[in-house]
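Take a look at the structure set out below.
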Protein chains: 2
Amino acid sequence: MMKNSGHTRRERPYHHGDLYSSLVKAAEDLLEEKGANALSLREVCQCAGVSHAAPYRHFRDKAALMEAVAKAGFNQLGEMISEARARHPGEPEMQILDAGRAYVAWATENPERTRLMFGGMMKSDTIDEDLHQAAEAAYDEIYRIIDEGRSTGVFGGRDTDSVVLSAWSAVHGLTMLILGSGKLTPENPRDVRALADIIGDTVVSGIRSR
Amino acid sequence: MMKNSGHTRRERPYHHGDLYSSLVKAAEDLLEEKGANALSLREVCQCAGVSHAAPYRHFRDKAALMEAVAKAGFNQLGEMISEARARHPGEPEMQILDAGRAYVAWATENPERTRLMFGGMMKSDTIDEDLHQAAEAAYDEIYRIIDEGRSTGVFGGRDTDSVVLSAWSAVHGLTMLILGSGKLTPENPRDVRALADIIGDTVVSGIRSR
DNA sequence: ACCTGAACACCGTTCAAGT
DNA sequence: ACCTGAACACCGTTCAAGT
């Protein structure tokens, strides 16, 4: 298990080359493997093959590294929703159903990263602007679905923000219950999808124009 | 700021008397004050006026103390829902609306405890049976509301569990978005209640029998 | 410019010893 | 039975020094 990222000749050069990315990758892997509580920066360094002081050239502190991990997570999650939207052009109901499936699926496949992303980090006042924008971009994907559905008359509700909130809350709530409660323990992706569909049906019933 | 819990004569007796409760209380306070990440067992001990080794007579480890905090949280949350239910006998729609308000209100008043309770702790296989039952009792309060609503015909849906899941997901999702996303930042209890009512209306629309 | 190694103040946990 | 104080292995962070 020698790590040699990008280098073919020297076994371990003094200068790493792309330490920033290596640290984020190592942090992601270790986070999912051991959980947020047991994740130490020193272990991430060991995994990336550098000394425990090396990260401080690239990240202000441990929290900044975790913010980078969260940012990558929001980008991935937003991409999943975007793809679900693209799969059903002109069909907002199918878009929201499929986006819900994708949201829950990604989160259950990356539970620790999801907990990190929605665990209160975004509330801190020292929040990075990059991270904020990545989260915003994911939100916008949901907004676009609802907005199209409302403008074509298939969704109702008093205003778009309220409908987005309702849809997002339901899907996000299912997600966090799967990750956080002892009650919901789907064994495989098909179980996850079945749960997502139960919530999807209720959401669509609740926001459909009447 | 001398702590003297229960003792009037001696300033700091060798035997504390009710260290278990004092530690849970101190942990609750410090948790909400500094956040889960910055909470140290040693500081809890200092706050309770004992040495840093004293807790190990009452708790297996730090995680066990946090489980006790979570258990108390589930009991409080379940109590809130129960009271909301009792406020509107025979009116399941009002019960679920009011329970949603109470759920979101309690969580926003106790954000760190809520994150602890739903942060994945319940997933660990070494979970305490007491904690599991406290969480189950809170869940049952929601179940009772939906069950009564379905048996009197005001709620529809394929089965009670699916309807409970839909309602719980929506309210829990709003809660976690308020606690965890940068987007939702209600400034006061009235804002929180307004958000809860938006979700409540959609949920009731979604699960009402048609 | 980028990384290391020693150092510092902390942490959770253990255990012999005190009351 | 309950608590203390010293000890251990760890941790995040800093900084002079190395390449």
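Each chain gets a letter, A, B and so on, in the order its sequence line appears, and its residues count up from 1.
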Task: Whole-Å distance separating the CG atom of B:Asp18 from the P atom of D:dA1 - done: 19 Å
- [ ] Take the protein atom CZ of B:Phe59 and the nucleotide atom C1' of C:dT14, then report the distance between them rounded to whole Å.
- [x] 18 Å
Task: Proximity to the side chain of B:Lys62 - top-ranked nucleotide from C:dT13, C:dT4, D:dT4 - done: C:dT13
Open item on the list: Could you tell me how far apart B:Lys34 (NZ) and C:dC10 (C1') are, to the nearest whole angstrom?
Closed with: 12 Å
Open item on the list: Which nucleotide wins on minimum distance to the side chain of B:Arg57, given the candidates D:dC2, C:dT14, C:dC3?
Closed with: D:dC2
Task: Donor-acceptor side-chain pairing of A:Tyr139 and A:Trp168 below 3.5 angstrom - done: no
Open item on the list: Tell me the interatomic distance from B:Leu41, atom CG, to C:dC10, atom P, rounded to whole angstroms.
Closed with: 16 Å
Open item on the list: I need the CG-C1' distance between B:Leu19 and D:dT4, as an integer number of Å.
Closed with: 13 Å
TODO: State which of D:dT4, C:dG5, D:dT13 makes the closest approach to the side chain of A:Asp61.
DONE: D:dT13
Open item on the list: Assess whether a salt bridge exists between A:Lys25 and A:Glu28, defined as any Lys/Arg side-chain N lying under 4.0 Å from an Asp/Glu carboxylate O.
Closed with: no
Task: Close side-chain approach of B:Phe74 to B:Met117, heavy-atom, < 4.5 Å - done: yes
Open item on the list: Taking the side chain as everything from C-beta on, heavy atoms only, tell me whether B:Leu30 gets closer than 4.5 Å to B:Cys47.
Closed with: yes
- [ ] State whether A:Ser40 places a side-chain N or O below 4.0 Å from either non-bridging phosphate oxygen (OP1 or OP2) of D:dC11.
- [x] yes
Open item on the list: Without decimals, in angstroms, what is the distance between A:Tyr56 OH and C:dC2 P?
Closed with: 18 Å
Task: Watson-Crick or G-U wobble partner of D:dA6, both distances under 3.5 Å - done: C:dT14
Task: Whole-Å gap separating C1' (D:dG12) and CG (B:Asn37) - done: 11 Å
Open item on the list: Under a 3.5 Å cut-off for both contacts, is C:dA1 paired Watson-Crick or G-U wobble with anything, and if yes, with which nucleotide?
Closed with: D:dT19
Open item on the list: I need the CG-P distance between A:Leu23 and C:dC3, as an integer number of Å.
Closed with: 9 Å
Task: Shortest side-chain distance from B:Ala53, nucleotide among D:dC3, C:dT13, C:dT14 - done: C:dT14
- [ ] Please answer whether the main-chain N or O of B:Gly35 pairs with a side-chain N or O of B:Arg115 as donor and acceptor at a distance below 3.5 Å.
- [x] no
Open item on the list: Quiz question: going by heavy-atom distance under 3.5 Å, is there a donor-acceptor pair between the base of C:dA6 and the side chain of A:His52?
Closed with: yes
